[in-house]
Protein chains: 2
Amino acid sequence: MESEGRTGTGGAADGGSRGRSGKADGSAEIDYGELPSYIGYLLRRAQATIFRDFERALGDIGLTPGAFGILMLIRANPGITQMDLANAFGIDKSTLTPVLNRLEAGGLVRREQLAHDRRYNALFFEEARKDFFEHARKRVRQFEQSVADRLAPDEQAELVRLIGKLQAAQS
Amino acid sequence: MESEGRTGTGGAADGGSRGRSGKADGSAEIDYGELPSYIGYLLRRAQATIFRDFERALGDIGLTPGAFGILMLIRANPGITQMDLANAFGIDKSTLTPVLNRLEAGGLVRREQLAHDRRYNALFFEEARKDFFEHARKRVRQFEQSVADRLAPDEQAELVRLIGKLQAAQS
DNA sequence: TATTGTTATACTCTATAACTATA
DNA sequence: TATAGTTATAGAGTATAACAATA
């Protein structure tokens with residue numbers, strides 16, 4: 001149940017006979033222990049990989065995956081307030097502010113203080129940038145498709161279901 | 001294919017009749033559009049949720065999920081070099097350095113410059129902290145179990161398989 | 001020249017706490 | 001008092017580029 005392998009070492013600096021013990025030459029066989037069975041680890045690796053791919057494929061449009069998602073939500077929900085958007089996206093309001101600042105600076109989004117309760121900012125996608133957005137979305141879709149294509153259609157559905165189930169039990 | 005809903009707005013600040021259009025009251029029904037079908041988005045949400053849970057459940061042991069994973073790898077692979085560890089964990093060597101600094105400062109890990117090639121640092125778990133580590137690992141296991149228990153055994157296996165498949169096609 | 005590891009730097013993501021303004 | 005949003009701050013995580021030591 002432990003699968004620790006060569007533990008209990010406490011080892012000295014080793015004088016050369018063991019040397020790098022096959023680990024410093026790139027072709028190493030590393031003992032991952034139970035790590036790959038940890039769902040948190042798996043998700044971190046998967047997410048890092050896909051985010052790197054995203055950046056490589058779409059870095060030139062100047063939107064991070066997060067910023068793009070937020071932009072999509074604003075466009076689909078014109079007039080949404082910052083609090084609702086933060087909640088919907090699963091981040092804190094203070095995390096949202098700088099993202100919106102960048103989107104607004106880039107002319108993609110506009111804040112409008114509500115007249116009847118000036119504490120709220122209603123958010124709107126700038127229709128003047130529609131062409132840019134549609135182009136970006138098309139490329140994001142292609143990217144997502146290329147990721148999804150690694151799985152069969154029923155596997156895609158199953159993955160979505162399993163990830164949802166993983167979070168459903170949460171507080 | 002668009003499912004944009006109420007787009008084409010370009011909307012004015014709205015004078016009150018639409019008001020917050022059911023979006024500023026928390027009970028909002030938000031249009032997520034195609035976002036939930038994006039695997040990158042799903043993974044980000046899932047990972048964020050589980051990392052938050054991890055911190056809440058295990059924050060008192062003073063190890064982040066990443067630091068704990070690295071510690072596990074060092075313990076399972078005594079003498080591993082920093083480059084090999086970074087590659088195994090999927091991060092850059094410069095990202096690893098501060099993590100190791102913290103682990104070493106906490107007395108959990110020791111660097112030993114190899115005698116026959118002093119460019120390399122061999123890494124060792126400090127056996128003196130074995131009790132602490134075993135305690136931490138037990139709790140991490142419990143936590144991982146509580147996450148895994150949200151899925152049936154066959155679902156767990158399937159999730160691992162699907163996530164693996166998602167990354168397999170990568171460069 | 002090439003490689004390991006460190007440092008300098010930068011950026012994103014994330015949060016908490018304190019603040020402003022509004023109600 | 002309570003809420004929306006901003007700001008100040010902090011920390012993890014990530015990377016690239018330049019550097020020192022070593023080979």
Side-chain angles (χ1 to χ4, degrees), chain A residues 19-20 23-26 40-41 43-45 47-56 59 62-70 79-87 89-104 109 111-123, chain B residues 20 23-26 28 40-41 43-45 47-56 59 62-70 79-87 89-104 109 111-123:
Chain A
R20 301 179 315 229
K23 281 191 231 70
D25 63 301
Y41 171 77
L43 290 176
R44 184 201 128 247
R45 290 299 297 260
Q47 204 224 6
T49 300
I50 289 182
F51 269 46
R52 250 192 299 264
D53 291 349
F54 185 100
E55 227 164 73
R56 202 165 35 189
L63 289 174
T64 62
F68 181 79
I70 284 175
I80 191 172
T81 66
Q82 295 190 196
M83 276 301 291
D84 286 347
L85 179 55
N87 289 147
F89 204 63
I91 59 178
D92 191 83
K93 57 188 171 147
S94 69
T95 304
L96 181 60
T97 294
V99 180
L100 291 178
N101 288 346
R102 280 194 294 273
L103 289 175
E104 200 170 37
V109 154
R111 289 167 162 111
E112 285 186 19
Q113 204 173 30
L114 288 190
H116 57 70
D117 188 338
R118 306 218 305 276
R119 289 174 300 184
Y120 293 83
N121 281 343
L123 303 171
Chain B
R20 300 180 313 230
K23 279 189 233 75
D25 63 301
Y41 172 76
L43 289 176
R44 185 202 127 245
R45 290 299 297 259
Q47 205 224 5
T49 301
I50 289 184
F51 269 46
R52 251 192 299 263
D53 292 348
F54 185 100
E55 230 165 70
R56 203 164 36 189
L63 289 175
T64 62
F68 180 79
I70 284 174
I80 191 172
T81 66
Q82 294 190 197
M83 275 302 290
D84 284 347
L85 179 55
N87 288 148
F89 204 63
I91 59 178
D92 191 84
K93 57 188 172 143
S94 68
T95 304
L96 182 58
T97 295
V99 179
L100 291 178
N101 288 347
R102 280 194 295 273
L103 289 174
E104 200 170 37
V109 154
R111 288 168 163 111
E112 286 186 17
Q113 203 173 31
L114 288 190
H116 57 70
D117 189 338
R118 306 217 305 275
R119 288 175 301 184
Y120 293 84
N121 281 344
L123 303 171

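Numbered from 1 within each chain, the chains take letters A, B, ... in sequence-line order.
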Starting from [atom2] on [N], measure out to [atom1] on [X] and report it in whole angstrom.
{"X": "B:L96", "N": "D:dG13", "atom1": "CG", "atom2": "P", "result": "12 Å"}
{"X": "A:E112", "N": "D:dG5", "atom1": "CD", "atom2": "P", "result": "14 Å"}
{"X": "B:F68", "N": "D:dA12", "atom1": "CZ", "atom2": "C1'", "result": "18 Å"}
{"X": "B:E55", "N": "C:dC13", "atom1": "CD", "atom2": "C1'", "result": "13 Å"}
{"X": "A:N87", "N": "D:dA4", "atom1": "CG", "atom2": "C1'", "result": "11 Å"}
{"X": "A:R56", "N": "D:dT14", "atom1": "CZ", "atom2": "P", "result": "16 Å"}
{"X": "A:M83", "N": "D:dG5", "atom1": "CE", "atom2": "C1'", "result": "9 Å"}
{"X": "A:I70", "N": "C:dT12", "atom1": "CD1", "atom2": "C1'", "result": "12 Å"}

It should be established whether [X] places a side-chain nitrogen or oxygen under 4.0 Å from OP1 or OP2 of nucleotide [N].
{"X": "A:N101", "N": "D:dG5", "answer": "no"}
{"X": "A:R45", "N": "D:dG13", "answer": "no"}
{"X": "A:Q47", "N": "D:dG13", "answer": "no"}
{"X": "B:T64", "N": "D:dG13", "answer": "yes"}

Please identify each residue that fulfils salt bridge (charged side-chain N to carboxylate O under 4.0 Å, His left out) with [X], with sequence neighbours left out.
{"X": "A:E55", "value": "none"}
{"X": "B:R119", "value": "B:D117"}
{"X": "B:R52", "value": "none"}

Can you name the closest pair of heavy atoms from [X] and [Y] and give their distance?
{"X": "B:L100", "Y": "B:Q82", "answer": "CD1-CD, 3.5 Å"}
{"X": "B:Y120", "Y": "B:T81", "answer": "CD2-CG2, 3.5 Å"}
{"X": "A:L63", "Y": "A:F54", "answer": "O-CE2, 3.5 Å"}

Inset, instruction - Find which nucleotide of DNA chain D each of B:A67 and A:Q82 is nearest to by heavy atoms, and output the residue with the more 5' nucleotide. - result: A:Q82
If you restrict it to nitrogen or oxygen atoms, what contacts under 3.5 Å exist between nucleotides 14-17 of chain C and the protein, and what is each distance?
from: C:dT14; atom 1: OP1; to: B:R44; atom 2: NE; distance (Å): 3.3
from: C:dA15; atom 1: OP1; to: B:R52; atom 2: NH1; distance (Å): 2.8
from: C:dA15; atom 1: OP2; to: A:D92; atom 2: N; distance (Å): 2.9
from: C:dA15; atom 1: OP2; to: A:T95; atom 2: OG1; distance (Å): 3.0
from: C:dT16; atom 1: O4; to: A:S94; atom 2: OG; distance (Å): 2.7

Inset, instruction - Walk me through it: do A:Y41 and B:F68 pass the test side-chain contact (heavy atoms from CB on, under 4.5 Å)? - result: CA-CA 10 Å; A:Y41 171 77; B:F68 180 79; over 6 Å; no
Legend entry - A:N121 and A:E112, any side-chain heavy atoms less than 4.5 Å apart: no
Inset, instruction - State which of C:dT6, D:dA12, D:dG5 makes the closest approach to the side chain of B:T97. - result: C:dT6
Every protein N/O lying under 3.5 Å from an N/O of nucleotides 21-23 of chain D:
from: D:dT22; atom 1: OP1; to: B:R118; atom 2: NH2; distance (Å): 3.1
from: D:dA23; atom 1: OP1; to: B:R118; atom 2: N; distance (Å): 2.9

Inset, instruction - Apply ring-ring contact (aromatic ring centres under 6.0 Å, His included) to B:F51 and list each qualifying residue two or more places apart in sequence or on a separate chain. - result: none
